[in-house]
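For clarity, every value in this text was computed on a predicted model and none was experimentally measured. Counting starts at 1 for both ligands and their atoms, in listed order. Positions are given from 1, in the same order as the sequence printed here.
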Amino acid sequence: MDSFLISQSPPLKGSVEISGAKNAVLPVMAAAMLSDGISQIGNVPQLKDMRTMADVLRVIGCRIKEDGSNLSIDSSGINHLEAPYELVKTMRASFYVLGPLTAKFGRCRVSLPGGCAWGPRPVDLHLKGLESLGAKITVTHGYVEAEIDGKLKGGNFIFPISSVGATANVLMAATLAEGTSILQNSSIEPEITALANYLADMGAKISGIGTRTLIVEGVKSLNAGKGATIADRIEAGTFLAAAAITRGKVRVTKMIPEHQTALLEAFMSMGCGVECGADYVELDASDRELSPVHITTLPYPGFPTDMQAQLMAVLATIKGTSSVRDTIYNDRFKHIAELERLGAEISLSGDTAIINGGTALTGAPVMASDLRASAALVLAGLVAGGKTEVSRIYHLDRGYENFEGKLARLGGNVERQISGQVQ
Ligand code: EPZ
């Protein structure tokens with residue numbers, strides 16, 4: 001298994017380009033199956049999760065072609081309405097095939113995704129949402145079986161809590177239902193808005209895009225889709241955090257600043273300089289004494305849970321008492337023990353971590369446990385004295401394209417150790 005060998009680095013300087021968003025491209029790849037044509041997706045990031053989703057679609061019978069950052073998905077030959085455990089267990093987003101296959105073919109069998117590093121990840125809202133469209137759902141032997149005689153029927157569903165994945169699955173299913181569906185308390189994450197826009201381009205009739213109430217008038221069929229993947233707001237936030245933790249000055253480009261409001265407010269509260277342009281944000285933390293802040297994660301447009309680990313690493317370097325509360329996943333704190341190995345002083349009480357920041361970090365071997373935790377450990381390694389080895393970096397490869405190369409171009413000393421290679 002690959003690892004990163006990181007040496008203490010100077011303040012990062014320069015500019016970095018952001019790739020397409022993992023969490024936007026995955027549902028759009030599933031949405032392609034709603035049509036019988038060849039859908040095109042642009043600005044696709046080269047990520048392990050994208051390849052896993054492509055493998056799932058191939059098992060189902062799609063033909064997929066990659067041309068650089070362009071993907072084409074031919075769903076005219078779908079012949080196997082099942083997503084197997086071997087693939088779904090490696091990537092929860094494979095579960096996105098449930099809505100499209102049920103809507104298009106009237107039945108499918110999808111493995112339950114199982115848990116992840118930080119605990120259970122239920123799918124009950126996906127299932128209840130599909131049942132509100134008439135699907136008959138049974139769960140046996142670790143698989144969800146969905147079926148409907150004929151087509152799904154338009155229905156009304158109120159998501160009891162904001163769920164990105166469940167909104168995506170039910171929205172995709174509703175596009176081919178007979179009749180109108182009203183989906184309330186839908187997620188408004190940019191990735192959901194991007195999915196809705198892609199579906200509309202395919203001919204879906206959706207109103208309220210970007211709001212918590214989506215009204216979908218089902219249609220008989222959808223055309224092939226086309227569209228470019230929006231920039232990855234979490235990758236962008238991670239590089240802004242890299243600038244902050246190293247007290248550097250970095251311009252993050254090819255991004256969407258308006259997707260980052262809560263995060264930028266946190267950096268400004270710390271005392272970072274933040275300059276926004278049309279498609280860039282420049283964060284300046286050089287020669288600044290940053291101040292502690294208190295973060296609470298919330299559904300969009302609140303502070304994103306996918307940035308709490310990275311911010312915790314930054315807060316560990318800021319003198320004073322900070323806190324990070326995760327209201328989305330109250331057990332997403334596997335990174336605390338590893339950050340403590342680097343000298344961070346963090347205590348956890350329920351869903352809130354209290355960071356006693358300012359102690360100089362020192363390098364040590366640490367282990368990544370999930371995608372965003374691994375990014376946090378890399379950031380901490382950039383400022384820890386001496387060398388830090390982050391193992392199990394395959395977690396990071398799921399969601400960051402050429403992370404070490406982009407950091408190196410900013411002056412970060414990060415080297416990938418290929419497993420099994422003689423050092
Ligand atoms: C998406 O996961 C993202 N993944 C996650 O990013 C992100 O952390 C999460 O949204 C929250 O923003 C992708 O987009 C591929 P949810 P998802 O359904 O859809 C509970 C990353 O690092 N819930 O919005 O699985 C759930 O337990 C990944 O890129 C139910 O109770 O998240 C959580 O507490 C990690 N029942 C809350 O809702 C359900 O049926 C929000 O989860 C579904 C969810």
Side-chain angles (χ1 to χ4, degrees), residues 19-31 45 47-50 52-53 56 88 90-99 110 112-132 137 139 144 157-172 185-195 212 229-230 232-238 259 262-263 297-310 325-335 351 368-376 395-401 403:
S19 304
K22 165 178 86 80
N23 294 350
V25 72
L26 295 174
V28 164
M29 287 174 74
L47 298 171
K48 188 155 168 275
D49 273 11
M50 187 277 286
T52 304
M53 183 59 103
V56 172
V88 178
T90 65
M91 184 189 66
R92 174 183 170 82
S94 320
F95 205 65
Y96 281 146
V97 305
L98 181 71
V110 180
L112 283 168
C116 66
W118 67 80
R121 302 279 297 276
V123 290
D124 56 314
L125 303 182
H126 297 242
L127 307 185
K128 288 192 185 101
L130 289 180
E131 284 174 332
S132 74
I137 302 276
V139 181
V144 171
F157 187 65
I158 302 174
F159 292 95
I161 56 171
S162 178
S163 164
V164 173
T167 302
N169 243 329
V170 180
L171 171 62
M172 288 188 279
N185 196 31
S186 301
S187 283
I188 55 171
E189 268 68 2
E191 295 77 22
I192 291 296
T193 299
L195 170 66
R212 290 200 178 282
T229 309
I230 61 170
D232 192 318
R233 62 193 169 101
I234 305 302
E235 184 197 14
T238 303
H259 288 169
L263 186 67
T297 69
L298 287 168
Y300 191 85
F303 188 95
T305 173
D306 292 348
M307 278 301 304
Q308 66 99 331
Q310 299 91 311
R325 180 173 176 232
D326 199 326
T327 67
I328 310 286
Y329 299 111
N330 51 25
D331 45 6
R332 189 178 190 172
F333 293 110
K334 287 262 178 308
H335 41 284
D351 63 2
S369 54
D370 63 80
L371 169 54
R372 307 305 173 182
S374 37
H395 288 293
L396 193 125
D397 292 335
R398 293 188 50 182
Y400 289 94
E401 188 178 32
F403 194 50

Exercise. Please step through side chain to side chain contact (heavy atoms under 4.5 Å, CB included) for the pair Q308 and R372, ending with a clear verdict.
Key: CA-CA 8 Å; Q308 66 99 331; R372 307 305 173 182; over 6 Å; no

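Taking a 4.0 Å cut-off on heavy atoms, Y300 fails to register as neighbouring ligand 1.
Under 4.0 angstrom from ligand 1, the non-hydrogen atoms of D306 all belong to its side chain. At a heavy-atom distance under 4.0 Å, only side-chain atoms of K22, from C-beta outward, approach ligand 1. Contacts between D124 and ligand 1 below 4.0 angstrom, taking non-hydrogen atoms only, involve backbone and side chain alike. When heavy-atom distances to ligand 1 are checked against a 4.0 Å cut-off, Y329 comes that close only through its side chain, counted from C-beta outward. At a heavy-atom cutoff of 4.0 Å, ligand 1 is contacted by no atom of F95, backbone or side chain. The proximity of I161 to ligand 1, defined as any non-hydrogen pair under 4.0 Å, is limited to the side chain. Residue contacts with ligand 1, taken as heavy atom pairs separated by less than 4.0 Å, involve P122 via backbone and side-chain atoms alike. Of all the heavy atoms of R332, the ones lying under 4.0 Å from any atom of ligand 1 belong exclusively to the side chain. Counting heavy atoms closer than 4.0 Å to ligand 1, residue S162 contributes backbone atoms (N, CA, C, O) but none from C-beta onward.
Near N23, with a cut-off below 4.0 Å to any heavy atom, the atoms of ligand 1 are 3 (C), 4 (N), 6 (O), 13 (C), 14 (O), 15 (C), 21 (C), 29 (O). Taking a cut-off of under 4.0 Å to the non-hydrogen atoms of S163, the atoms of ligand 1 that pass are 16 (P), 18 (O), 24 (O), 43 (C), 44 (C). Ligand-side atoms of ligand 1 in range of W118: 35 (C), range being under 4.0 angstrom from any heavy atom.
Shown here for V170 and L125, the closest heavy-atom pair between the two residues is CG2-O, 4.5 Å.
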